[in-house]
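Written out below as structure tokens is the structure these notes cover.
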Amino acid sequence: MNYWLVKSEPSVWSWDQQVAKGAKGEAWTGVRNHTAKLNMMKMKKGDRAFFYHSNEGKEIVGIVEIVKEHYPDPTDKTAKFVCVDIAADKPLKKPVPLEAIKTNEKLTEMDLVKYSRLSVQSVTPEQWKLVCKMGGI
DNA sequence: GCCAACGTTGGC
DNA sequence: GCCAACGTTGGC
């Protein structure tokens with residue numbers, strides 16, 4: 001299994017809205033960046049991803065599961081980009097703020113720190129375990 | 001194909 | 001609200 005991290009501004013699409021969609025999930029559309037697109041194309045059904053709130057909160061709030069692999073993004077008129085369907089798995093007992101990641105020397109290599117603008121990122125198993133632990137899971 | 005100008009993202 | 005980082009666009 002591979003691990004990922006997706007970012008969303010809560011004013012646009014929040015964790016609560018994701019949870020409300022249930023196990024069926026929701027299309028993760030609107031990605032217009034080729035690096036993020038390549039990451040989405042590597043996602044497999046059953047992979048897990050952290051759900052991060054950018055701008056407001058700036059913390060990892062929950063875990064989602066990839067429930068449908070990549071297909072053309074219906075909101076993209078140029079037909080160049082793709083989306084996946086994700087469903088809320090479970091919330092972190094304790095959200096992990098960006099600050100905690102930046103100050104943990106084991107996590108300074110996370111894309112969240114190095115490439116803060118990338119909206120779909122990969123996470124190593126080591127990073128995944130550590131963040132889960134920090135989040136109380 | 002280079003690069004300056006411009007737009008967007010997101011932390012601060 | 002500012003600005004750094006980075007992607008995209010368009011003139012040459």
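Protein chains get the first letters and strands the later ones, always in sequence-line order, with residue 1 at the start of each. These numbers come from the heavy atoms of this one structure, side chains and all, not from hydrogens, waters or symmetry mates.
Within the structure, a side-chain polar atom (N or O) of A:Y52 is placed less than 4.0 Å from OP1 or OP2 of B:dG11. Side-chain nitrogen and oxygen atoms of A:K7 include at least one within less than 4.0 Å of the OP1 or OP2 phosphate oxygen of B:dG10. Contact between the side-chain N/O atoms of A:K102 and the OP1/OP2 oxygens of B:dC12 is found at a separation under 4.0 Å.
Look at CZ on A:R32: it is 19 Å from C1' on B:dG10, rounded to the nearest Å. Atom CG of A:D76 is separated from atom C1' of C:dT8 by 15 Å (rounded to the nearest Å). Following rounding to the nearest Å, A:L118 (CG) and C:dG7 (P) show an atom-to-atom distance of 9 Å. Counting to the nearest Å, the P atom of B:dT8 and the CD atom of A:E9 are 13 Å from each other. Across the protein-nucleic acid pair, A:R117 atom CZ and C:dG7 atom C1' stand 6 Å apart, rounded to whole Å. As a whole-Å value, the separation of A:E59 CD from B:dG11 P is 12 Å. Put simply, NZ on A:K114 is 15 Å from P on C:dA5, counting in whole angstrom units. Between the CG atom of A:L112 and the P atom of B:dC12 there is a distance of 10 Å, given to the nearest Å.
Taking both residues in full, the closest heavy atoms of A:V6 and A:M43 are given as CG1-CE, 4.4 Å, listed atom of the first, atom of the second, then distance. Across A:M40 and A:V84, no two heavy atoms sit closer than the pair O-CG1, 3.9 Å. Nearest approach of A:L92 to A:I137, heavy atoms of both residues: CD2-CD1, 3.5 Å.
Ion pair A:K45/A:E69 not flagged as a salt bridge, since none of the NZ, NE, NH1 or NH2 atoms sits closer than 4.0 Å to an Asp/Glu carboxylate oxygen.
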### Message
Set out, in order, the CA-CA distance, both residues' side-chain angles and the distance that settles side-chain hydrogen bond (donor to acceptor under 3.5 Å, both in side chains) for A:T75 and A:R32, then state yes or no.
### Response
CA-CA 10 Å; A:T75 70; A:R32 296 292 181 270; 3.1 Å; yes

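Consecutive Watson-Crick or G-U pairing (both distances under 3.5 Å) extending over three or more pairs maps onto DNA chain C as B:1-12 with C:1-12.
Shown are A:D111, A:V64, A:I60, A:L118; of these, the side-chain contact (heavy atoms from CB on, under 4.5 Å) with A:L5 is made only by A:I60. Considering A:F81, A:F51, A:W4 in turn, A:F51 is the only one that fulfils the ring pair (Phe, Tyr, Trp, His ring centres under 6.0 Å) rule with A:W28.
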